[in-house]
Number of protein chains: 2
Amino acid sequence: MPGTVQSIERAAAILRMLAGGPGKLSLAEIARSLDLAKPTVHGILRTLQGVGFVEQDRVSGHYQLGAALLHLGTSYLDINELRSRSINWADPLAARSGEAVRIGTVLEGRVLVVHHVFRPDDTFQTLDIGTLMPLHATALGKVLLAYRSAALPPARDPFTHRTLTGERDLSAELTHVRDAGWAADIEEFTVGEAAIAAPIRGYGGLVVGAMGISGLVERICDSRYRPHARLVGIVRDAARAVSRDLGATR
Amino acid sequence: MPGTVQSIERAAAILRMLAGGPGKLSLAEIARSLDLAKPTVHGILRTLQGVGFVEQDRVSGHYQLGAALLHLGTSYLDINELRSRSINWADPLAARSGEAVRIGTVLEGRVLVVHHVFRPDDTFQTLDIGTLMPLHATALGKVLLAYRSAALPPARDPFTHRTLTGERDLSAELTHVRDAGWAADIEEFTVGEAAIAAPIRGYGGLVVGAMGISGLVERICDSRYRPHARLVGIVRDAARAVSRDLGATR
DNA sequence: GAACGGCATTCGACATTGTCGAACGCTGGG
DNA sequence: CCCAGCGTTCGACAATGTCGAATGCCGTTC
């Protein structure tokens with residue numbers, strides 16, 4: 001691409017590979033995957049190692065992500081306005097709904113979770129901040145898909161037997177999401193779990209994120225697999241409040 | 001530096017600047033600080049923007065860290081062995097001590113927090129994972145300083161009136177830390193708070209991190225400002241357990 | 001124990017790219 | 001209205017990044 005720095009793009013591609021796979025990769029694997037000469041990859045990795053973005057395992061010689069990225073990642077969280085505006089509404093939403101709350105935005109064709117409030121109980125939970133989730137199989141993702149102009153994601157893995165993978169099914173679903181103003185995923189991403197999400201708009205009305213709750217399907221839905229209207233209402237109210245904080249007027 | 005890719009080093013310097021300052025910087029400020037021509041910085045920023053590491057504010061034209069870094073940062077956490085081995089011991093340590101627990105390692109001349117367990121009560125707390133703390137003014141930092149071969153940090157800000165800033169005072173303190181096998185900071189970083197930390201060793205006995213507790217000084221120390229021996233003991237025990245998990249034999 | 005294949009790393013030639021001076025248009029402040 | 005400083009574009013050219021060839025190491029196989 002003209003006007004950009006090719007070696008920085010290559011370095012970013014290497015970091016994404018390291019983030020997406022088993023954690024550690026050999027120089028040769030990286031070179032093969034990116035179709036680059038080994039000395040080229042070696043120079044890039046040595047530079048990334050020097051700036052702390054990559055570490056090399058002393059025993060195997062393999063490479064992995066480095067500590068400096070953690071600081072950059074959390075610094076990003078500190079300045080992320082979607083997150084800072086959402087925080088005030090996320091705890092009350094978790095309290096009122098009794099479910100886990102997540103806020104997400106689009107990154108690399110998936111949902112990036114930028115804030116996560118645990119379900120207010122003492123079950124074991126893991127923090128999802130920073131994780132990527134599919135757009136087509138989650139409530140957050142369907143909201144983000146519904147309001148963006150890009151095409152449907154080409155890869156639509158069936159996470160459960162209820163995941164919508166067909167283009168027509170998904171398009172119809174997104175039309176419905178736009179009409180209703182919220183989305184649900186009912187055992188489409190995780191068997192036994194359901195979620196409800198609503199759009200967060202920024203200045204000018206553009207959808208900049210989504211806010212949602214998730215929990216066991218029998219808590220989120222009634223006996224006919226329909227999300228409880230009360231829960232839909234409080235999710236939408238909370239998302240609207242965040243939108244107002246962000247300067248949306250619609 | 002020969003053998004490394006200069007433009008990647010420059011890109012990393014830009015990202016560190018964005019992480020370290022007020023969050024948003026103008027292209028001109030970055031160019032001045034790094035003594036680079038504006039078109040040079042522009043090309044690097046455009047590339048970083050293309051890969052999601054940087055975003056540009058539509059209104060002011062200023063640049064800030066991008067969402068892709070969050071995913072890289074949390075991916076680093078997922079594979080960080082110091083953290084994965086510490087997790088099992090951190091919760092019990094918080095429970096037994098009744099205090100907040102942090103695990104840290106050295107990054108860019110400071111302490112990088114890689115794990116944090118909240119004090120087990122319902123006071124308001126913020127998650128410190130990814131934050132950087134001073135080496136000279138924290139218990140975690142003093143442990144890390146005591147067992148590394150590098151020189152003392154040149155910048156030794158006085159966070160409180162009790163912070164050790166003199167080279168002789170700090171050197172003497174680090175000798176004491178090595179002798180005792182643990183460190184404390186007693187209102188040296190935060191007025192009203194104290195902390196205790198012990199080294200975590202990796203394979204071969206090298207110190208790869210530190211584990212510590214922190215809380216109100218009147219809970220951590222007795223009336224003569226001495227850390228409670230019971231707390232010192234359980235911190236050291238927990239750190240030794242993590243060390244064993246990491247393959248240290250000492 | 002020897003041979004082999006594939007690894008990470010180094011070296012140096014050279015072609016490509018990244019750098020940067022000059023210029024431009026825009027915007028906010030005086 | 002004017003001006004200073006901004007972000008951005010363009011194109012020349014020097015510096016750098018790329019990569020083929022080679023090397024040494026290590027684990028595996030015979």
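Excluded from the calculations below are hydrogen atoms, water molecules and symmetry mates; all remaining heavy atoms, backbone and side chain alike, are included. First the proteins, then the strands, lettered A, B, ... as listed; each starts at 1.
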(request) Would you check if B:R83 and B:L77 make a side-chain contact, meaning some heavy-atom pair closer than 4.5 Å? (result) yes

(message) Rounded to whole Å, how long is the line connecting atom CZ of B:R46 with atom C1' of D:dT8?
(response) 8 Å

(message) What is the first contacted nucleotide of DNA chain C and what is the last, in 5' to 3' order, if contact means an atom lying under 4.0 angstrom from a heavy atom of chain B?
(response) C:dT19 to C:dA22

(request) In whole angstrom, give the distance that lies between atom CD of B:E9 and atom C1' of D:dT16. (result) 12 Å

(message) Closest-nucleotide mapping onto DNA chain C: is B:K38 or A:S26 further toward the 5' terminus? I mean the 5' end.
(response) A:S26

(request) Could you check which residues of residues 11-21 of chain A get a heavy atom under 4.0 Å from DNA chain C? Sort them by number, please. (result) none

(message) Any salt bridge linking A:K142 with A:D185? Criterion: basic side-chain nitrogen under 4.0 Å from a carboxylate oxygen.
(response) no

(request) Would you check, one step at a time, whether the test side-chain contact (heavy atoms from CB on, under 4.5 Å) holds for B:L25 with B:Y63? (result) CA-CA 5 Å; B:L25 290 169; B:Y63 292 85; 5.8 Å; no

(request) Show your reasoning for whether side chain to side chain donor-acceptor pair (under 3.5 Å) applies to B:S75 and B:D78. (result) CA-CA 5 Å; B:S75 296; B:D78 289 341; 5.0 Å; no

(request) Identify the two heavy atoms, one from A:A90 and one from A:V101, that lie closest to each other, and give their separation to 0.1 Å. (result) O-CG2, 3.8 Å

(message) Students often mix this up, so state it plainly: with edges at 30° and 60°, are the rings of A:F159 and A:H136 parallel, tilted or perpendicular?
(response) tilted

(message) Reading DNA chain C from 5' onward, which residue's closest nucleotide shows up sooner: B:V59 or A:G61?
(response) A:G61

(message) How many whole angstroms separate atom CG of A:L27 from atom P of D:dC26?
(response) 17 Å

(message) Within a 6.0 Å radius of atom CD on B:E167, are there more than 12 heavy atoms belonging to other residues, nucleotides or ligands?
(response) no

(request) With side-chain contact (heavy atoms from CB on, under 4.5 Å) as the test, would you mind laying out the steps for A:L70 and B:V114 before giving the verdict? (result) CA-CA 8 Å; A:L70 178 60; B:V114 298; 4.1 Å; yes

(message) Taking any heavy-atom pair under 4.0 Å as a contact, classify B:T40: base, sugar-phosphate, or nothing.
(response) base

(request) Return the value, rounded to whole Å, for the distance between atom CD1 of B:I8 and atom C1' of D:dG17. (result) 9 Å

(request) Would you please confirm or rule out a distance under 4.0 Å between OP1 or OP2 of D:dT16 and any side-chain N or O of B:S7? (result) no

(request) Can you sort out which residues in residues 28-37 of chain A have a heavy atom within less than 4.0 Å of DNA chain C? Ascending by number, please. (result) A:A28, A:R32

(message) I'd like to check B:L174 versus B:L152 (side-chain heavy atoms, cut-off strictly below 4.5 Å). Are they in contact?
(response) yes

(message) Without decimals, in angstroms, what is the distance between B:D57 CG and D:dG7 C1'?
(response) 13 Å

(message) Is it true that A:W89 and A:D245 share a donor-acceptor pair across their side chains at a distance under 3.5 Å?
(response) yes

(request) Provide, to the nearest angstrom, the distance between the CD1 atom belonging to B:I44 and the P atom belonging to D:dT8. (result) 14 Å

(request) Ignoring hydrogens and angles, state whether a donor on the side chain of B:T4 or B:E9 is under 3.5 Å from an acceptor on the partner side chain. (result) yes

(request) Measure the distance from CD on B:Q6 to P on D:dT16 and round it to the nearest whole Å. (result) 5 Å

(message) Nearest whole Å is fine: how far is D:dA15 C1' from B:R10 CZ?
(response) 10 Å

(request) Determine whether the side chains of A:E81 and A:S84 contain a donor N or O and an acceptor N or O closer than 3.5 Å. (result) no

